[in-house]
Amino acid sequence: MLKAPQHKYRPFPPVELADRTWPGRRLQAPPAWLSTDLRDGNQALFEPMGTNAKRELFDLLCAVGFKEIEVGFPSASRTEFDFVRHLIETQAIPDDVTVGVLTPARPDLIARSVEALVGARRAIVHVYNAVAPVFRDTVFRKTQADILALAVDAVRYVRTLTDRWPQTQWVLQYSPEAFSATELEFSKAVCDAVIETFGATKSEPVIINLPATVEGASPNIFADQVEWMHRHIARRDAILLSVHPHNDRGTAVAAAELAMMAGAERVEGCLFGNGERTGNVDLVTLALNLYTQGIAPGLDFSRIDEVARTATRLTRLPVHPRHPYAGELVYTAFSGSHQDAINKGLAAQRPDVVWNVPYLPLDPRDVGRDYQAVIRVNSQSGKGGVAYLLEQHYGVVLPRRMLIGLSEAVQRRTEESGGEVSSAQIWEVFCDCYLTDREAVIYQGHESAVDASGERIRLKVEVDGRIVQLDGYGNGPLDAACRALPGPVHLCHYEERAIGAGSDARALAIVEVATPGVERTAVAAGIHENLVTASITALVRAWVGLGATAAPAHALSVSPRTAGGLS
C-alpha cells in the first residue's frame, strides 16, 4: 500500500494572492488556439511523422480552423527543416494561418530556425530557455543573472535576424520553460526583459507563453500563477498571454480553463492531448467544453469521427473509447437506468429549446454522430435500451407487457454470450419469442364475409400436420376469430404498428389474450402485408401460448367448435 511519502514528495507551495479574481469569473469567449501537433505532438511519437503525413495533418488542422500552427523544430533535424520549407515553397499555408517553429535560446539554432521560415507571409519564432531552480541548479549550473542574460541575448539575436527579412511579418514568442515550477518574481523579471529587448508594442505584441512543462500542482495554483503574471508583468498591453499546460496530473484541461479565467488569452495544445509523457492539453476536449457552455470555440469538430480517424492513422495513437466527446463509447449507454433516461430525454427534446437530455451533455449530432449507437445493450442493460434500439432500427414500439418479456430474453442471451447484442440480434430474439410457431397448431389462412349483423370468419389452422377449419361470428374479424377458437378466449390488448413505408410497408399486430381459470395472459405478434392477417396470426400464436389449459391440439383434432359457417 502506498503511504504518505512526506520524506520524498512535498506539496506544491500556494501562491500569495489573497485578492485573486479568477474564481468569480465566467468564460465568455474562446482563446486564440495554437496547435503544436506537428512539433510537440510529433516529437512524442514512437515513430515521428514524415513529410507526407505531416502535410496531411497540417491540412486537417487548417480545415478544423486553427489559425496558428507550430509546424516543427527545424534546428533539430533535416527532416524537420525540410517540412517547414515544403509548406512555404509549395504555398500550402492559407493566408489566414500563421506558422511557427520552436528553437532553444542558442544562436546557431535560432539562425537555422529563422532560415526555415524565410518567405512565409507571417511567422512565429518561438524561443525558450529553462528558468526553474531545478534546471538552473542541476542541469545548467547557472545563476539567475546567467539565465536572464541568456534569454535577452537570444531575443536580441532573433530581432537582428528577422530584421533582415522584412517581407515576412515576424512575431516573437518567448517561453520561460518550467514556468509553473519557477519563482514568480524571477519569471516576471525574465519576461519583462524579453519584452523590452524585442521592443514589443500594442500594435506588434510579443507572445509570452507560460508552460506548465511538468504539471506539478492542482489547477487552481496554476491559475493563481497566471493571474499573478497577468497583473504584474510589465507592458501588459504589449503582450499576448499564452499557456501551455501539460497533463502529468491529468488536469491539463482544467488548468487551461482556469488559466483563461485568470487572464490567459491563448492556449497551446494538441488534438486529443498528444504530447510528451501524459500529453499536452487536449484541445478537442477544451474546445467542446466551451461549446457545451454556449461559447462558439472557433474550431470545427462537427465531423469528430473523421478528425479522430485521420489523427489516429497518422500518429498511430488510438483515441480511447471513453475519450470525452470523441470516443467510440461516449454517446453509448449500457446501464438499463441510463438507457431508459436517455430514451425518454431524446423523446422529449425539442429542436428549439436548450439541450437537456440525461447523461448526454452534448447533442451527438453536433459532432457528426447520430443516435444509432447512442444506446447499446449488454447484460447490464434494461428494457429502455431494448425499446430504443427496436424503435430506432425497426420502427417498433412494444407495449410494456411484451417489452418486459423481451428484455428478460435479451438479458439471458447477453449473459450467455458475455457481450453486447446488436439491434439485429434483439430483433432476432423478438422474432424467436413472439413471431415463431413452435406448437402443433399453426395459422394457415382465413376467409371472411360481412353481413348486416357482423362478420363471419373461417380459420384454417394446421394441427399436427392436418388442416382444420374453425368458424366464428363477431362484430369484426378479430372478435370473430376469438369466438372461433376452442374455449373462452378473451382479447385483453391489441396494438398495430406499421413497419417500413411505401410499397415495402408491413403491418405488425400485437395481441394479448386470457382465458378463464388461468391467471397469466399470453402475448404474441404477427407480421404481414395485410393487417387482418397479421392480427389473426398473432391471435392464434397468443392463444397457443396460453398452454395446456387451452389444449389446442386435442380440442381441434377431436371436436373442433364451429359457429355457423361460410356458404
Side-chain donor-acceptor pair present, Asn247, Thr278, cut-off under 3.5 Å: no

Examine distances only and state if a side-chain atom of Gln43 and a backbone atom of Pro48 form a donor-acceptor pair shorter than 3.5 Å. no

Looking at Leu290, is its backbone amide N or carbonyl O close enough to the side chain of Gln293 to form a donor-acceptor pair, meaning the two atoms are under 3.5 Å apart? no

Got Leu283 and Phe301 here, is their nearest side-chain heavy-atom distance under 4.5 Å? no

Can you tell me how far OG1 of Thr312 sits from CG of Leu271, rounded to the nearest 0.5 angstrom? 10.0 Å

How far does CG of Leu38 sit from CZ of Arg55, to the nearest 0.5 angstrom? 11.5 Å

Between Val319 and His323, the two heavy atoms sitting closest are CG1-CB, 3.7 Å

Taking it one step at a time, do His86 and Phe58 satisfy side-chain contact (heavy atoms from CB on, under 4.5 Å)? CA-CA 12 Å; His86 161 78; Phe58 175 81; over 6 Å; no

Dump the intermediate steps for side-chain contact (heavy atoms from CB on, under 4.5 Å) on Thr162 and Thr168, then the final yes or no. CA-CA 8 Å; Thr162 55; Thr168 296; over 6 Å; no

With a 4.0 Å cut-off on N to O distance, would you call Glu68 and Arg39 a salt bridge? no

Looking just at side-chain N and O atoms, do Thr21 and Glu227 make a donor-acceptor pair shorter than 3.5 Å? yes

Could you give me the CA-CA distance, side-chain angles and deciding distance for Phe46 and Arg316, then say whether side-chain contact (heavy atoms from CB on, under 4.5 Å) is met? CA-CA 9 Å; Phe46 295 108; Arg316 303 183 185 180; over 6 Å; no

Quick test of your reading of the model: are Asp108 and Arg106 salt-bridged, counting only N-O distances below 4.0 Å? yes

Please say which of Glu265, Arg266, Glu268 ends up in a side chain to side chain contact (heavy atoms under 4.5 Å, CB included) with Ile207. Arg266

What distance separates Tyr359 OH from Ile342 CD1, expressed to the nearest 0.5 Å? 8.0 Å

Do the side-chain N and O atoms of Trp22 and Asp224 include a donor-acceptor pair separated by under 3.5 angstrom? yes

Separation between SG of Cys62 and NZ of Lys67, rounded to the nearest 0.5 Å: 8.0 Å

Is there a donor-acceptor pair under 3.5 Å between the side chain of Trp355 and the backbone N or O of Leu360? yes

For residues Ser77 and Thr79, is any side-chain donor paired with an opposing acceptor at under 3.5 Å? no

Please find the pair of heavy atoms, one from Ser242 and one from Val267, that lie closest to each other, and give the distance. OG-N, 4.5 Å

Are side-chain heavy atoms of Leu299 and Phe66 found at a separation under 4.5 Å? yes

Distance-only criterion, 3.5 Å: show the donor-acceptor pairs between side-chain atoms of residues 255-264 and protein atoms not counting sequence neighbours.
from	atom 1	to	atom 2	distance (Å)
Glu257	OE2	Asn289	ND2	3.1

Tell me every residue that passes side chain to side chain donor-acceptor pair (under 3.5 Å) with Glu196, counting only those two or more places apart in sequence or in another chain. Arg235

Neighbour count >12 (heavy atoms, 6.0 Å) for atom CZ, Arg231: yes

With heavy-atom distances below 4.5 Å as the criterion, would you say the side chains of Leu45 and Asn274 are in contact? yes

Residue pair Ile304 / Ala326: nearest heavy atoms and the distance that separates them: CG1-CB, 3.7 Å

Quick check: closest heavy atoms across Ala116 and Val84, and the distance to 0.1 Å? O-CG1, 3.4 Å

Does the pair Met49 and Asp37 meet the rule for a side-chain contact (heavy atoms from CB on, under 4.5 Å), with working shown? CA-CA 11 Å; Met49 292 177 285; Asp37 289 87; over 6 Å; no

Would you give the length of the straight line joining atom CZ of Arg136 to atom OG1 of Thr182, rounded to the nearest 0.5 angstrom? 7.0 Å

Carboxylate-amine/guanidinium proximity below 4.0 Å for Arg112 and Glu115: yes

Salt-bridge test for Arg156 and Asp153: reply yes if a basic N is under 4.0 Å from a carboxylate O, no otherwise. yes

Around Lys188, counting heavy atoms of other residues, nucleotides and ligands shown, do more than 12 lie under 6.0 Å from its NZ? yes

Minimum heavy-atom separation for Phe198 to Arg159, with atom names? O-NH2, 2.7 Å

Can you confirm whether more than 12 heavy atoms, excluding those of Glu183, are under 6.0 Å from its CD atom? yes

Determine whether Leu184 and Phe179 make a side-chain contact, defined as any pair of heavy atoms from C-beta on separated by less than 4.5 Å. yes

Whether His230 side chain and Val226 backbone form a donor-acceptor pair below 3.5 Å: no

Does Arg249 count as lying over the ring of Phe222, i.e. NZ or CZ under 6.0 Å from the six-ring centre, within 45 degrees of the axis? no

Using side-chain heavy atoms (C-beta onward) and a distance below 4.5 Å, is Asp163 in contact with Trp170? no

Are side-chain heavy atoms of Leu150 and Phe140 found at a separation under 4.5 Å? no

Looking only at non-hydrogen atoms, find the nearest pair between Ala111 and Tyr157 and report the distance. CB-OH, 3.9 Å

Please table the atom pairs, donor to acceptor, closer than 3.5 Å between any side-chain atom in residues 117-134 and protein atoms at least two apart or in another chain.
from	atom 1	to	atom 2	distance (Å)
Arg121	NE	Asp95	O	2.9
Arg121	NH2	Asp95	O	2.6
Arg122	NH1	Thr98	OG1	2.9
His126	ND1	Glu70	OE2	2.8
His126	ND1	Gln173	NE2	3.3
His126	NE2	Gln173	NE2	3.2
His126	NE2	Ser175	OG	2.6
Asn129	OD1	Tyr174	OH	2.5

Are more than 12 heavy atoms from other residues, nucleotides or ligands located less than 6.0 Å from atom CD of Gln167? yes

Mark yes or no for whether Asp192, through its side chain, and Ala234, through its backbone, hold a donor-acceptor pair below 3.5 Å. yes

Do Glu215 and Arg277 meet the salt-bridge criterion of a basic N to acidic O distance under 4.0 Å? no

Sub-4.5 Å side-chain heavy-atom contact between Thr213 and Ser180: no

Counting C-beta onward and ignoring hydrogens, is there a side-chain heavy-atom pair between Phe272 and Leu317 closer than 4.5 Å? no

For Asp305, does the CG atom have more than 12 heavy-atom neighbours from other residues, nucleotides or ligands under 6.0 Å away? yes

To the nearest 0.5 Å, how far apart are CZ in Phe73 and OG1 in Thr103? 6.0 Å

Output yes when a side-chain donor or acceptor of Asp146 lies under 3.5 Å from a complementary backbone atom of Thr143, and no otherwise. yes

